[in-house]
Structure formats: C-alpha cells, structure tokens
Amino acid sequence: MTLFRTALTDRLGIRLPMLAGGLMWLGDADYVAAAANAGILGFITAASFPDDADLTAEIARARRLCGDRPFGVNVSMLPKLVPGERTEYLFRLIADEGITVVETSGRNPEPYMPLLKDLGLTVIHKVPAVRFAKKAQAVGVDMVSIVGAECGGHPGMDMIGSFVNAAMAGRDLTIPFLIGGGVGHGSQLVAALAMGASGVVLGTRLLVAEELNAHPAYKAAIAGASERDTALTMQSVRNTVRSLANDTTQAVARMEAENPDITIADLMPLVSGKIGRRAYQTGDVSKGLLSAGHALGLTNAVAPMAEIIAQIEVEAQAALARLDAVRVPA
Ligand SMILES: Cc1cc2nc3c(=O)[nH]c(=O)nc-3n(C[C@H](O)[C@H](O)[C@H](O)COP(=O)(O)O)c2cc1C
C-alpha cells in the first residue's frame, strides 16, 4: 500500500516519492539498501570511491543487498573535473554496471547530455536554485531536484528557501521536480506535492539512520543537534557549505572574515574531505565540515531507515487529514 503515486514513483518504480540523496563518504551499499528496504531510492556516492574497482565492487554489493529493488549512483560533477575526464568515464562505468538512474550535481550537465541519453540513464539533476533548474530543463534532464538554503552540503550562492523554490518551480517548470533542503517531516512532503513537486530529496534527516556506516558518537551528535546548530562557510570562495557548527566552521569563518582574498587552497588544510571522513569514523565531530542542514531540528533519534520513512508516512497522513478538516466541500 502506498499513499502517493507521482512521476517519480512511476519512473523509478518505488513505493514512496522520496529520494535518499548522495552523501559524501556515507552513501554506500548499506545506505542504498536501507533506502530500498524503506520503499525509496538512494544513491551510492561515486566520489566516495575514487578507485574504479572499489566503486564497481560497491555497486555489486548494493545489487546483492537490494535484489530487484532499484538504486542509483550520485555523480558530483565537480568544477575541477574537466569534461572528458573522470565524469564522462564514470557515466560509462555506471551504465556498464547496469545502473539506470543517476543523481548529478555540481555543474551544468549540458556537455554530458548526449552521452547520458545514449547510455539510457535517467538523469535527476540537483541544483541550488530554480534558475538553474530551468537551465537543466532546457538541456534535457529528466527531472530536477531543487535544494533550498536550508540544505546540508551545498546550498549555492542565492540562498532562497525551499518554500519559495517549490512555488516557483511549480509555476515555471514543465519537467518533474523534487524539493530538498530542510525536508524531514511528512507534512513537508505533502506540502511539496501540493506545490507541484513529484517528490522530495532527503539528506540530513537520514543521518541518524541505523544502517549508516558512521560512528555512534557522530549519530548521537546529529540526533542531539537542533536546527540552530549549523553554520555557513566558504561563501567567500563561492562554494557555500552548510555544516554542523564546530571548531572548523569557527576557524574557517574567522579566516574568511580576516582575508577577503582567501582561496580554497588557503582553506583546504581545514576543510579537506579527509578530515570529515575521519569524523564519521571516530565520532569526533569537533573537526571537519560535516554537512548537515536545518532538518537537524527534525532528526532527534537514531532509528532504522525504514522506521524514519514510516514515520514520515504517518506524518504525511496526518497532514492530509488536517487538509481534509479545513477544506470546505465544493
Ligand atoms: C553529509 C552529507 C553529505 C552530502 N554529500 C553530497 C554529495 O556528495 N553529492 C551531492 O550531490 N549531494 C550531497 N549532499 C546533499 C544531499 O544529497 C541532499 O541533496 C541534501 O542533504 C538535502 O538537503 P537536507 O540536508 O536539508 O535534507 C550531502 C548532504 C549531506 C547531509
């Protein structure tokens, strides 16, 4: 039984209109299997497996764990990668491994669209603003995810909230779109669908999933954090990150304030991904940019992913009932 049927559930063959977005260092086979088991679709994060053999092995492991339930791969097309390098190669590798849906992010997908179509991949492109969603629509992606200022990770430079994004996307887009950024409650899923979305993409809300391969102390810190415990850094290098407020976000903010000409290279000793990875492994959350968003306010306890998703379903049902209660019959 399911509550909703949308372009997303139809196209991907999933029970509920929700995606478990790519998570650097955390988006592995166990994550996508937990998502599949919960009735949604998750993405293995290709960038977490820089070695081709490791990525191929992870996809194979996910296939064993997921059985016939679908999962995808996230490809963050980072600006430092030039077209024709690993990004293109990754798309071919993924398609060869039998993957049919990719979550792309990080830059305009236009140069890759002919290849992506050729490979028969369903492209869900993630953008931090409706203006980029329109561009992605124009170059032929299948769907867009629009993440608002509230999101964990990269909210972009515009910093427009998800509520406005959803209304604008509903007005301006013709392809199916998903809303992300601060989503962690079933009432938000209902609101997004009411505003024309075909679903939502979750990140922060899933950081307390039992199946996530992160240290218990990290999950406890996430469960204990509130919506006020994030910090924005890296705006001065046009690479805004929303992450858990800690020693690193304070130090980076100080360096950005003191030096208006600061570069990513200057900040790298503090923000390198390896430091974040260590935090997931050791549970010491004081160091590293540990992506997390305002949905921390909705993320209060560690639980199996199926329970988290089931709770969102119950909340969605309650939201629909509230709507029924206030609607004046025609
Ligand atoms: C810990 C963490 C790591 C993330 N890593 C990636 C990534 O590597 N690539 C990507 O496209 N998005 C990444 N995201 C973004 C999520 O896929 C998703 O779009 C976002 O978390 C949704 O907003 P929310 O955090 O408010 O739920 C990450 C988010 C988090 C919280």
Side-chain angles (χ1 to χ4, degrees), residues 18-28 31-32 35 40-50 55 72-79 81 87 90 102-107 109 123-129 132-133 136 143-156 159 161-163 165-166 177-185 188-189 192 197 199-209 212-214 218-219 221-222 225 227 229-230 232 239-244 246 271 273 275-277 279-280 285 288-299 308-309 312:
M18 288 185 255
L19 298 179
L23 304 180
M24 189 62 189
W25 303 130
L26 301 170
D28 62 7
Y31 174 68
V32 300
I40 69 174
L41 183 140
F43 295 95
I44 291 178
T45 313
S48 306
F49 302 92
L55 178 59
V73 173
N74 168 286
V75 179
S76 304
M77 305 176 293
L78 302 172
L81 297 173
T87 298
L90 272 178
V102 287
E103 179 187 60
T104 53
S105 64
R107 65 146 82 173
V123 180
I124 306 179
H125 185 59
K126 188 156 58 187
V127 294
F132 299 125
M143 301 184 199
V144 279
S145 292
I146 307 158
V147 289
E150 303 93 326
C151 76
H154 295 281
M159 301 302 285
S162 294
F163 211 54
N165 284 342
F177 69 90
L178 314 179
I179 288 299
V183 179
H185 194 277
Q188 294 168 298
L189 170 61
V200 294
V201 56
L202 305 174
T204 300
R205 180 70 185 90
L206 304 178
L207 296 178
V208 288
L212 208 71
N213 288 312
Y218 164 78
K219 290 185 203 173
I222 291 290
E227 70 282 7
D229 291 328
T230 74
L232 285 172
N239 189 27
T240 313
V241 176
R242 186 182 292 285
S243 61
L244 201 61
N246 61 8
V271 305
I275 302 172
R277 185 179 209 182
Y280 299 137
V285 298
L289 289 189
L290 310 176
S291 294
H294 289 167
L296 285 174
L298 302 163
T299 301
I308 295 172
I309 298 302
I312 291 176

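Just follow the structure's listing: the first ligand is 1, and inside any ligand the first atom is 1. Just the heavy atoms: all of them, side chains too, but no hydrogens, waters or symmetry mates, feed the values below.
- Looking at Glu103 next to ligand 1, no N or O pair under 3.5 Å apart turns up.
- Ligand 1 has no nitrogen or oxygen under 3.5 angstrom from a nitrogen or oxygen of Arg205.
- Counting only non-hydrogen atoms, the option in Ser291, Ala149, Gly153 that gets closest to atom 31 (C) of ligand 1 is Ser291.
- Here the shortest heavy-atom distance to atom 15 (C) of ligand 1, taken over His154, Glu150, His294, Lys126, belongs to Lys126.
- The shortest heavy-atom contact between Phe49 and Ile44 is CE1-CG2, 3.9 Å.
- By the side chain to side chain donor-acceptor pair (under 3.5 Å) test, Ser145 pairs with no residue at all, sequence neighbours left out.
- What you find for Leu207 and Lys219 is that their closest heavy atoms are O-CG, 3.7 Å.
- Closest approach of Phe43 to Val102, counting heavy atoms only: CE2-C, 4.0 Å.
- The proximity of Asn74 to ligand 1, defined as any non-hydrogen pair under 4.0 Å, is limited to the side chain.
- In this structure, Leu290 CG and Thr230 OG1 are separated by 12.0 Å, a value rounded to the nearest 0.5 Å.
- Within the listing of ligand 1, atoms 1 (C) sit less than 4.0 angstrom from a heavy atom of Tyr280.
- The two residues Ser162 and Ile179 have their closest heavy-atom pair at CB-CG2, 4.1 Å.
- Within ligand 1, the atoms closer than 4.0 Å to a non-hydrogen atom of Val147 are 19 (O), numbered from 1 in the order shown.
- Going from atom CD1 of Ile146 over to atom SG of Cys151 covers 12.0 Å, rounded to the nearest 0.5 Å.
- When atom types are taken as modelled, the side chain of Trp25 and the backbone of Gly273 share a donor-acceptor pair closer than 3.5 angstrom.
- Listed by number with element, the atoms of ligand 1 under 4.0 Å from a non-hydrogen atom of Gly182 are 24 (P), 26 (O).
- Remark: side-chain polar atoms of Glu227 are not paired, donor with acceptor, to backbone N or O of Ala295 under 3.5 angstrom.
- For ligand 1, the polar-atom distance check finds no N/O of Leu202 at less than 3.5 Å from any of the ligand's N/O atoms.
- Every residue was checked against the side chain to side chain donor-acceptor pair (under 3.5 Å) condition with Gln188, not counting sequence neighbours, and none meets it.
- Residue Thr45 has no N or O atom closer than 3.5 Å to an N or O atom of ligand 1.
- What sits closest to atom 29 (C) of ligand 1 on the protein, heavy atoms only, is Leu23 CD2, 3.6 Å.
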Go through the steps for Arg242 and His154 under the test side chain to side chain donor-acceptor pair (under 3.5 Å), then give the verdict.
CA-CA 6 Å; Arg242 186 182 292 285; His154 295 281; over 6 Å; no
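- Which parts of ligand 1 touch Met24 is read off a 4.0 Å heavy-atom cut-off, strictly below it: atoms 3 (C), 4 (C), 5 (N), 6 (C), 7 (C), 8 (O).
- Heavy-atom proximity to Ser76, at under 4.0 Å, picks out these atoms of ligand 1: 7 (C), 8 (O), 9 (N), 10 (C), 11 (O).
- Note: no N/O pair closer than 3.5 Å links Gly180 and ligand 1 by distance alone.
- Looking at atom 23 (O) of ligand 1, its nearest protein heavy atom turns out to be Cys151 CB, 3.3 Å.
- Evaluated by nearest non-hydrogen atom to atom 6 (C) of ligand 1, the leading choice among Gly181, Gly22, Ser243 is Gly22.
- Across the listed options Gly276, Gly152, Gly21, Gly152 owns the non-hydrogen atom lying nearest to atom 20 (C) of ligand 1.
- Here the protein heavy atom with the shortest distance to atom 27 (O) of ligand 1 is Gly203 N, 2.9 Å.
- Pairing each heavy atom of Leu90 with each of Ala46, the nearest pair is CD1-CB, 4.1 Å.
- Of all protein heavy atoms, the one lying nearest to atom 25 (O) of ligand 1 is Thr204 OG1, 2.6 Å.
- For ligand 1, the atoms lying closer than 4.0 Å to a non-hydrogen atom of Ser105 are 10 (C), 11 (O).
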